[in-house]
> 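Below is one structure. I have some questions about it.
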Protein chains: 2
Amino acid sequence: MNKRIRLKDVAERAGVAVNTASTILNRRPNSWASKETEARVFQAARELDYRPSKTARALRSGRYHTIGLLIQDLTNPFFSTLADELEAAVEERGYDLLVENCRSSLVREKHLLADLEDLEVDGSVLWLSDNEVFRPDLTEMANAKRPVVVLGNGIPDKPIPVDAVLSDFTQGLTDAVDALCQLGHKRFAFVSALAEGQADGQRPRLFQEMLAARGIPASNIDILRTGHTVESACETFANFLKKRPDKRPTALLAMNDLAAIGAMRAAIEAGLTVPADLSVVGVDDVPLCSFLPITLSSIRQRYKKITRAAADLLISRIESADAAALPPRQEIFATVYTPRESVGPAKG
Amino acid sequence: MNKRIRLKDVAERAGVAVNTASTILNRRPNSWASKETEARVFQAARELDYRPSKTARALRSGRYHTIGLLIQDLTNPFFSTLADELEAAVEERGYDLLVENCRSSLVREKHLLADLEDLEVDGSVLWLSDNEVFRPDLTEMANAKRPVVVLGNGIPDKPIPVDAVLSDFTQGLTDAVDALCQLGHKRFAFVSALAEGQADGQRPRLFQEMLAARGIPASNIDILRTGHTVESACETFANFLKKRPDKRPTALLAMNDLAAIGAMRAAIEAGLTVPADLSVVGVDDVPLCSFLPITLSSIRQRYKKITRAAADLLISRIESADAAALPPRQEIFATVYTPRESVGPAKG
DNA sequence: CTGTTAGCGCCTTCAC
DNA sequence: GTGAAGGCGCTAACAG
């Protein structure tokens with residue numbers, strides 16, 4: 001059982017003092033060491049396969065070289081893609097990513113958020129179930145000068161008290177609604193996929209308003225609330241089709257792609273054809289959309305831009321000398337309607 | 001900026017010594033403290049919202065209450081589901097999960113594996129790209145008495161030197177092949193989805209042997225090698241269909257569900273109908289399979305059983321007094337062929 | 001450049 | 001039950 005190699009061992013082997021070794025290995029600027037001793041130290045480290053203890057370093061310095069990411073559901077391709085991209089983005093800047101997975105439980109979310117305070121990370125990126133519900137917590141974090149970036153949809157009336165990167169659905173939704181109306185659709189459904197206890201958010205209302213502006217009365221729009229899983233979306237829509245055949249929509253928008261896939265499946269099992277009998281539009285545009293047997297139209301969120309912006313905002317705040325001085329910043333990315341096979345003209 | 005609450009603060013508030021507070025809060029058995037002082041300490045901790053520093057604790061004790069999980073690709077639903085389940089399993093036992101994502105890069109995999117040695121975790125679960133390639137590393141870990149569980153497919157000839165939880169594909173594959181042969185299929189393709197530099201593994205050979213046993217000559221089987229993404233599987237199969245129409249299979253087995261979905265898409269774009277012109281079988285049975293517009297037949301791995309077994313093996317090794325004494329253990333779970341819409345009788 | 005010293009927060013031993 | 005002391009591995013400040 002060979003013991004762990006410590007900085008001291010490296011220093012001894014190189015014939016220098018520990019602090020010299022420390023300054024050299026950490027490439028601190030004010031090192032007066034000669035090129036030659038530097039080389040000796042690096043070589044000693046390499047020969048011994050020295051790996052500094054992150055724990056000790058963190059305890060001493062209060063820096064962790066890690067950022068936290070809170071997400072709702074790791075099994076949702078949207079979030080796993082997001083985590084993947086963010087990891088790549090922060091890694092380039094020398095940070096590890098620690099994923100905190102709520103599993104669509106509000107209780108767990110509250111817990112994890114509270115844990116973040118003592119969680120040993122330099123900063124966090126949060127995709128909360130509802131930014132308004134957690135506004136008090138965010139305000140508290142802002143006051144504590146904790147580096148935080150919030151991700152999410154929709155531009156709130158009151159500005160968010162911390163840095164934020166948001167998707168604006170008006171553009172994507174407008175284009176989707178325009179397309180559907182031009183194709184002659186008159187009766188709509190919105191599938192709102194929610195975790196237990198989660199509120200609707202802005203999208204159903206936005207959807208209604210946009211349709212209203214195009215002459216579709218609210219009575220022609222059904223808002224279906226389902227759980228966050230594919231199964232749940234499938235079941236809910238299947239039930240609706242069975243119980244209210246009179247209200248069968250010809251076009252359906254879902255809160256995310258998983259829900260859209262579930263609803264599309266329910267339609268197929270009910271004997272409908274997509275898109276002939278029902279047009280389906282999802283949200284997020286997960287990579288799978290373009291490869292489904294019936295490709296899924298979707299309103300794309302700009303993953304790469306979002307994660308890059310989040311990484312930039314967060315790390316600049318972490319590394320800036322006086323992060324306190326920086327006011328909350330906000331970046332907004334438009335969404336893009338991407339039509340595919342699942343959308344077609346209304347029958348009739 | 002309110003300072004961090006330390007153990008010392010709790011002790012002071014409760015009017016006890018730090019070591020007393022430590023023994024009480026950690027519920028050490030040989031505490032001679034009275035119920036009353038215990039209560040005082042707990043209350044003080046609660047009032048101050050005391051959160052012990054994991055870093056300090058880890059530095060002192062060498063225990064991290066964290067286990068690492070190395071996976072190939074977080075954006076693949078198979079791995080994200082695996083991570084999700086494993087996280088749940090280890091959390092019950094008081095451990096956090098740290099996900100190390102290779103992003104299907106062998107270079108990154110080697111890197112992360114090397115990092116594991118100094119990565120501050122109590123043990124790790126590894127889903128490697130190839131257990132044979134990493135056998136030397138595994139042997140080294142075993143010698144270093146590092147708690148490790150390997151996950152994967154196929155039962156190796158030489159036993160793996162560390163604990164292992166494996167999926168045995170013979171059962172699932174046998175049933176799938178039987179089903180396809182009974183449906184009259186004579187010409188097959190296998191889509192081998194691999195990261196760059198990754199070797200085929202046992203499955204293509206197993207597939208060939210099983211078909212041979214049922215009278216299908218190797219000349220009737222094409223093995224297509226594609227990258228690990230859906231896109232790549234789709235492209236590869238599309239090219240094959242275009243370039244070799246003479247060798248068009250009536251049944252296709254893919255190395256995983258993503259590849260199956262990609263191949264199915266290629267078939268559809270080539271004007272084929274699934275399953276009338278082509279039957280498709282995936283592997284893993286990710287939750288989405290049952291909700292695709294054409295539901296995907298798949299050979300299921302037992303996620304829950306696998307992750308539970310891995311957690312049990314790993315944690316028992318971590319917590320056993322003399323883990324050194326335990327010989328490498330191996331658990332094997334059979335796979336289950338799950339037919340769905342994507343499989344049907346051969347034409348003709 | 002060296003060597004010493006101090007301390008991050010916690011756990012553990014030891015005498016009392 | 002107390003109080004002091006040592007140390008996990010590292011960083012940082014100091015005088016030399």
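Below, each value reflects all heavy atoms present in this structure, side chains not excepted, and no hydrogens, waters or symmetry copies. Quick note on labels: first sequence line is chain A, next is B, and so on, each numbered from 1. Everything numeric in this text was worked out from a predicted model, so none of it was measured.
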> With sequence neighbours excluded, what pairs up with Lys8(B) under the salt bridge (Lys or Arg N to Asp or Glu O under 4.0 Å) test?
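In terms of salt bridge (Lys or Arg N to Asp or Glu O under 4.0 Å), with neighbours along the sequence ignored, Lys8(B) is linked to no residue.
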> Any side-chain N or O of Tyr50(B) less than 4.0 Å from the OP1 or OP2 oxygen of dC10(C)?
yes
> Rounded off to whole Å, could you give me the CD-to-P distance for the Glu120(B) and dC8(D) pair?
15 Å
> Under 3.5 Å, which protein N or O atoms sit close to an N or O of nucleotides 2-6 of chain C? Give each pair with its distance.
unit_1 : atom_1 : unit_2   : atom_2 : d
dT2(C) : OP2    : Thr20(A) : OG1    : 2.4
dG3(C) : N7     : Asn19(A) : ND2    : 3.1
dG3(C) : O6     : Asn19(A) : ND2    : 2.5
dT4(C) : O4     : Asn19(A) : ND2    : 3.3

> The criterion is side-chain contact (heavy atoms from CB on, under 4.5 Å); which residues satisfy it with Lys305(B), sequence neighbours excluded?
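Here the qualifying residues are Arg302(B), Phe333(B).
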> Expressed as a whole number of angstroms, how long is the span from Ile24(A):CD1 to dT11(D):C1'?
15 Å
> Of all residues at least two apart in sequence or in a different chain, which pass the side-chain contact (heavy atoms from CB on, under 4.5 Å) check with Asp312(B)?
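By the side-chain contact (heavy atoms from CB on, under 4.5 Å) rule, Asp312(B) matches Arg93(B).
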> What nucleic acid atoms does Ser53(B) come within less than 4.0 Å of, heavy atoms only: base, sugar-phosphate, or nothing?
sugar-phosphate
> Are Ser61(A) and dT11(D) close enough that a side-chain N or O sits under 4.0 Å from OP1 or OP2?
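So the side-chain polar atoms of Ser61(A) never come under 4.0 Å of the phosphate oxygens OP1 or OP2 of dT11(D).
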> So, using ring pair (Phe, Tyr, Trp, His ring centres under 6.0 Å) as the criterion, who are the partners of Tyr303(B) when residues are at least two apart?
Phe78(B)
> Nearest-Å distance, CZ (Arg51(B)) to P (dC8(C))?
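The distance from CZ of Arg51(B) to P of dC8(C) comes to 21 Å, rounded to the nearest Å.
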> Using side-chain contact (heavy atoms from CB on, under 4.5 Å) as the criterion, list what pairs up with Ile160(B), not counting sequence neighbours.
Asn131(B), Leu138(B), Val150(B), Pro156(B), Val162(B), Ala164(B), Leu166(B)
> Is Lys304(B) salt-bridged to Glu85(B), going by a charged N under 4.0 Å from an acidic O?
yes
